[in-house]
Number of protein chains: 2
Amino acid sequence: MRKGPSLAGIVQRLEDRGCRVTAPRLAVLAAAADAGDQFSAEDVARRVPHVGRATVFRTLKLLVEMDVLCRVLLDDGSLRYRWSRRGHHHHLVCTACGAVEDFTLCDVTELLRELTRAINFSVEGHWLEVYGRCAACSVQPVGAPA
Amino acid sequence: MRKGPSLAGIVQRLEDRGCRVTAPRLAVLAAAADAGDQFSAEDVARRVPHVGRATVFRTLKLLVEMDVLCRVLLDDGSLRYRWSRRGHHHHLVCTACGAVEDFTLCDVTELLRELTRAINFSVEGHWLEVYGRCAACSVQPVGAPA
DNA sequence: ATTAATGCAAATTCTTTGCACTAAA
DNA sequence: TTTAGTGCAAAGAATTTGCATTAAT
């Protein structure tokens with residue numbers, strides 16, 4: 001289920017960062033790996049009842065900073081986590097079944113270059129989420145419940 | 001301060017929608033008009049202490065649905081409201097001073113067309129926020145406090 | 001009159017904090 | 001040892017909900 005780097009790789013990055021590799025962190029990592037394509041902090045917390053809620057949030061935040069996970073903004077405004085493909089990318093979010101697909105094409109910064117040069121705005125970053133119907137859901141009238 | 005359509009225009013649209021033009025709604029509208037370039041629900045609520053919190057949120061939601069206001073996702077993940085320029089557009093958010101600029105160029109859907117056709121994803125919408133430094137803040141080392 | 005809209009206060013949801021405690025290094 | 005990391009429970013924010021009440025048409 002996990003799509004990111006190997007556990008060993010993440011552990012290595014934690015150490016490089018000067019972070020300790022603790023049991024709760026490994027548990028959160030394992031829970032995230034099992035939580036499916038995209039998951040909420042609550043989804044993770046539910047899978048590790050023996051780990052404190054705060055630790056779950058702290059660990060998720062750390063993993064996002066490390067670019068192990070990324071955050072996805074759903075159609076309804078709620079936030080989810082997802083294994084990051086490392087590096088800048090965007091999401092195609094299916095509004096019918098909730099599936100998320102990554103894409104890296106279409107460098108938006110590049111596209112914005114001319115525009116932002118015109119008004120003298122220096123782009124530091126951007127956030128783009130694309131909503132629609134995935135292949136499966138655009139065939140059937142309505143996809144999964146949500 | 002307000003950049004959207006005239007109050008009369010909004011009232012008209014409320015009526016067209018079958019919504020009543022009530023005193024609290026007008027108060028929220030006025031508060032939003034005075035709240036500056038972009039504001040939180042709390043900013044509006046503070047300006048209309050005589051209007052119930054729930055009504056503020058209900059009204060803001062209604063105004064977003066009506067495309068009178070739009071929502072801006074700030075760099076830190078917090079949500080703000082802003083007068084909408086009506087129709088699809090995006091924001092350039094200055095990470096130094098917080099100023100928000102609209103832009104309509106660079107139709108992302110168009111750019112995504114080829115990509116999404118390749119993987120058979122039908123785009124229904126997208127959300128794009130661009131972060132960086134506005135003209136004023138890219139000159140000075142650091143802009144306003146926040 | 002009707003019934004949409006409101007106000008209030010409680011309930012939710014999601015996340016962070018304070019702090020004594022535990023365990024990696 | 002030392003101090004990063006943890007757990008708990010409480011505190012917060014940002015909204016939302018239930019429901020009796022009010023007011024716009």
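The chains referred to below are lettered A, B, ... by the order of the sequence lines, with proteins before strands, and numbering in each begins at 1. The figures here come from the full heavy-atom set of this structure, side chains too, leaving out hydrogens, waters and symmetry mates.
Counting to the nearest Å, the C1' atom of C:dA5 and the CG atom of B:Leu14 are 12 Å from each other. Atom CG in B:Asp16 sits roughly 14 Å away from atom P in D:dT25 (whole-Å rounding). For the pair B:Leu63 CG and C:dA5 P, the interatomic distance rounds to 12 Å; values are reported in whole Å. The nearest whole Å value for the distance from the NE2 atom in B:His50 to the P atom in D:dA23 is 13 Å. Across the protein-nucleic acid pair, B:Leu26 atom CG and C:dT6 atom P stand 10 Å apart, rounded to whole Å. Taking atom CZ of A:Arg25 as the reference point, atom P of D:dA4 lies 11 Å away to the nearest angstrom. Atom CG in B:Asp43 sits about 11 Å away from atom P in D:dT15, given to the nearest Å. Separating the CD atom of B:Glu15 from the P atom of C:dA4 is a distance of 17 Å, rounded to the nearest angstrom.
A:Thr59 contributes a side-chain N or O that, together with a main-chain N or O of A:Thr55, makes up a donor-acceptor pair within less than 3.5 Å. Of the possible polar contacts, none joining the A:Arg82 side chain to the A:Val72 backbone as a donor-acceptor pair under 3.5 Å is found. A distance-only check finds no donor-acceptor pair linking the side chain of B:Asp75 to the backbone of B:Val93 [under 3.5 Å]. For the pair A:His90 (side chain) and A:Leu128 (backbone), a donor-acceptor distance under 3.5 Å is present. A:Arg80 places no side-chain N or O within donor-acceptor distance of the main-chain N or O of A:Leu74, the cut-off being under 3.5 Å. The main-chain N or O of B:Gly132 is found under 3.5 Å from a side-chain atom of B:Thr95 such that the two form a donor-acceptor pair.
In this structure, A:Tyr81 and A:Arg71 have side chains that are in contact, with non-hydrogen atoms separated by less than 4.5 Å.
Contact of B:Arg20 with C:dA4 (side chain to base): a donor-acceptor pair of N or O atoms is detected under 3.5 Å.
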Using atom names, set out every protein N or O paired with an N or O of nucleotides 13-22 of chain C below 3.5 Å, distance rounded to 0.1 Å.
{"unit_1": "C:dT16", "atom_1": "OP1", "unit_2": "A:Lys61", "atom_2": "NZ", "d": "3.1"}

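Ranked by how close their nearest DNA chain D nucleotide is to the 5' end, A:Ala23 and B:Ser40 are led by A:Ala23.
In this structure, B:Thr55 reaches the C:dG7 phosphate: one of its side-chain N or O atoms is under 4.0 Å from OP1 or OP2.
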